[in-house]
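Fair warning: this is a prediction, and the values are worked out from it, not measured in the lab. In this chain, residues are counted from 1 in sequence order. Heavy-atom basis, side chains included; hydrogens, waters and symmetry copies ignored.
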Amino acid sequence: LYIHPDKYFIQFWFGLVLLVTVYFFVTIPFRVVFMENHEISLKWLLIDYAGDVCMVADLVIRAGFLAYYDDNHLVVKRNMIWSNYRKSGTMKWHILSAIPFEAAVFVIPTLCPLWKLQIWSLLRTNKLLRANEIPYLFNRVESSLAKIGVKVPKN
């Protein structure tokens with residue numbers, strides 16, 4: 001079982017991962033800097049953890065199912081996919097960004113006495129480690145859109 005790198009599913013998937021990555025890149029620093037004394041709402045929790053689920057799913061897809069080309073040959077063996085992902089250098093950033101450091105507020109409640117959004121977001125800054133993938137994801141989405149005739153302006 002593998003996912004072909006040229007199929008519509010993975011093109012859509014990279015668009016979704018780009019959207020979630022940009023969401024984290026914008027909202028987490030904003031909340032850390034400007035959302036002092038705001039309570040964490042259920043909406044923030046649901047949206048952020050839905051993004052986290054997407055990122056963990058992306059890690060699983062890339063580590064075990066996303067086939068790749070090697071000298072114009074499609075590599076579909078799971079052990080080779082895993083080896084390629086491990087050697088790519090992105091695996092460590094994906095794993096580090098998936099660690100839920102904000103769970104510390106459940107273990108050590110005094111760390112966040114009033115359940116403030118700012119502190120909780122500060123503990124989620126490891127999600128920003130995926131920001132280095134934004135150019136790659138944007139290029140993937142742009143090339144996918146070009147295949148269907150949508151031109152993305154460069155300016």
Participant: Which heavy-atom pair separates Asn126 from Ala98 by the least distance, and what is that distance?
Facilitator: ND2-N, 4.4 Å

Participant: Name all residues meeting the ring pair (Phe, Tyr, Trp, His ring centres under 6.0 Å) criterion together with Phe30; count only those two or more places apart in sequence or in a different chain, and write none if there are none.
Facilitator: Phe34

Participant: Distance from Met91 atom CE to Arg86 atom CZ, nearest 0.5 Å?
Facilitator: 7.0 Å

Participant: Are Arg31 and Trp120 in a cation-pi contact, defined as NZ or CZ under 6.0 Å from the six-membered ring centre and within 45° of the axis?
Facilitator: no

Participant: Drop me the distance from Asn79's CG to Asn84's CG, to the nearest 0.5 angstrom.
Facilitator: 11.5 Å

Participant: Working to the nearest 0.5 Å, report the span between CD1 of Ile47 and OG of Ser41.
Facilitator: 7.5 Å

Participant: Output, in order, the C-alpha distance, side-chain angles, deciding distance and verdict of side chain to side chain contact (heavy atoms under 4.5 Å, CB included) for Asp70 and Met80.
Facilitator: CA-CA 11 Å; Asp70 186 26; Met80 293 185 74; 5.7 Å; no

Participant: Are Ile3 and Leu16 connected into the same hydrophobic cluster when the rule is that any two of I, L, V, M, F, W, Y join if their side-chain heavy atoms are below 4.5 Å apart?
Facilitator: yes

Participant: How long is the straight-line distance from NE2 of His4 back to CD1 of Ile10, given to the nearest 0.5 Å?
Facilitator: 11.5 Å

Participant: Where do Phe101 and Leu123 come nearest, in terms of heavy atoms and distance?
Facilitator: CB-O, 3.4 Å

Participant: Decide yes or no for Leu128 and Pro29: does some side-chain heavy atom of the first lie under 4.5 Å from some side-chain heavy atom of the second?
Facilitator: yes

Participant: Is there a side chain to side chain contact (heavy atoms under 4.5 Å, CB included) between Ile81 and Phe65? Walk through the geometry before answering.
Facilitator: CA-CA 7 Å; Ile81 293 171; Phe65 300 100; 5.9 Å; no

Participant: Are Trp13 and Asp58 packed together at the side-chain level, in the sense that at least one heavy-atom pair is separated by less than 4.5 angstrom?
Facilitator: yes

Participant: Does Leu66 form a side chain to side chain contact (heavy atoms under 4.5 Å, CB included) with Tyr85? I'd like the steps, not just the answer.
Facilitator: CA-CA 9 Å; Leu66 183 58; Tyr85 180 61; over 6 Å; no

Participant: For residues 17-26, please give each side-chain donor-acceptor pair under 3.5 Å, one per line with the distance, not counting sequence neighbours.
Facilitator:
residue: Thr21; atom: OG1; partner: Val17; partner atom: O; Å: 2.7
residue: Tyr23; atom: OH; partner: Asp48; partner atom: OD1; Å: 2.7

Participant: Identify the two heavy atoms, one from Gln118 and one from Val32, that lie closest to each other, and give their separation to 0.1 Å.
Facilitator: NE2-O, 2.6 Å

Participant: Kindly check if the number of other-residue, nucleotide or ligand heavy atoms within 6.0 Å of NZ (Lys151) is above 12?
Facilitator: no

Participant: Can you measure from CG (Leu46) to CG (Leu42) and round to the nearest 0.5 angstrom?
Facilitator: 4.0 Å

Participant: Enumerate, atom names and distances included, each donor-acceptor pair closer than 3.5 Å involving a side-chain atom of residues 131-146, sequence neighbours excluded.
Facilitator:
residue: Glu133; atom: OE1; partner: His94; partner atom: NE2; Å: 3.0
residue: Glu133; atom: OE1; partner: Arg130; partner atom: NH1; Å: 3.4
residue: Glu133; atom: OE2; partner: Arg62; partner atom: NH1; Å: 2.5
residue: Glu133; atom: OE2; partner: His94; partner atom: NE2; Å: 3.2
residue: Tyr136; atom: OH; partner: Arg140; partner atom: NH1; Å: 3.0
residue: Asn139; atom: ND2; partner: Pro135; partner atom: O; Å: 3.4
residue: Arg140; atom: NH2; partner: Pro5; partner atom: O; Å: 3.2
residue: Glu142; atom: OE1; partner: Lys154; partner atom: NZ; Å: 3.4
residue: Glu142; atom: OE2; partner: Lys154; partner atom: NZ; Å: 3.0
residue: Ser143; atom: OG; partner: Asn139; partner atom: O; Å: 3.2
residue: Ser143; atom: OG; partner: Arg140; partner atom: O; Å: 3.0
residue: Ser144; atom: OG; partner: Arg140; partner atom: O; Å: 2.9

Participant: Does Trp82 have Arg78 sitting over its ring (NZ/CZ under 6.0 Å from centre, angle to axis within 45°)?
Facilitator: no

Participant: With a 4.5 Å cut-off on side-chain heavy-atom distances among I, L, V, M, F, W and Y, is there a chain of contacts connecting Phe14 to Val60?
Facilitator: yes

Participant: Does the side chain to side chain contact (heavy atoms under 4.5 Å, CB included) test come out yes or no for Lys147 and Gln11, once each step is laid out?
Facilitator: CA-CA 11 Å; Lys147 287 178 186 177; Gln11 294 172 10; 3.6 Å; yes

Participant: Could you tell me which non-hydrogen atom of Leu122 sits nearest to which non-hydrogen atom of Thr125, and how far apart they are?
Facilitator: O-OG1, 3.0 Å

Participant: For Gly89 and Trp93, work out which heavy atoms get closest and say how close.
Facilitator: O-CD1, 3.2 Å

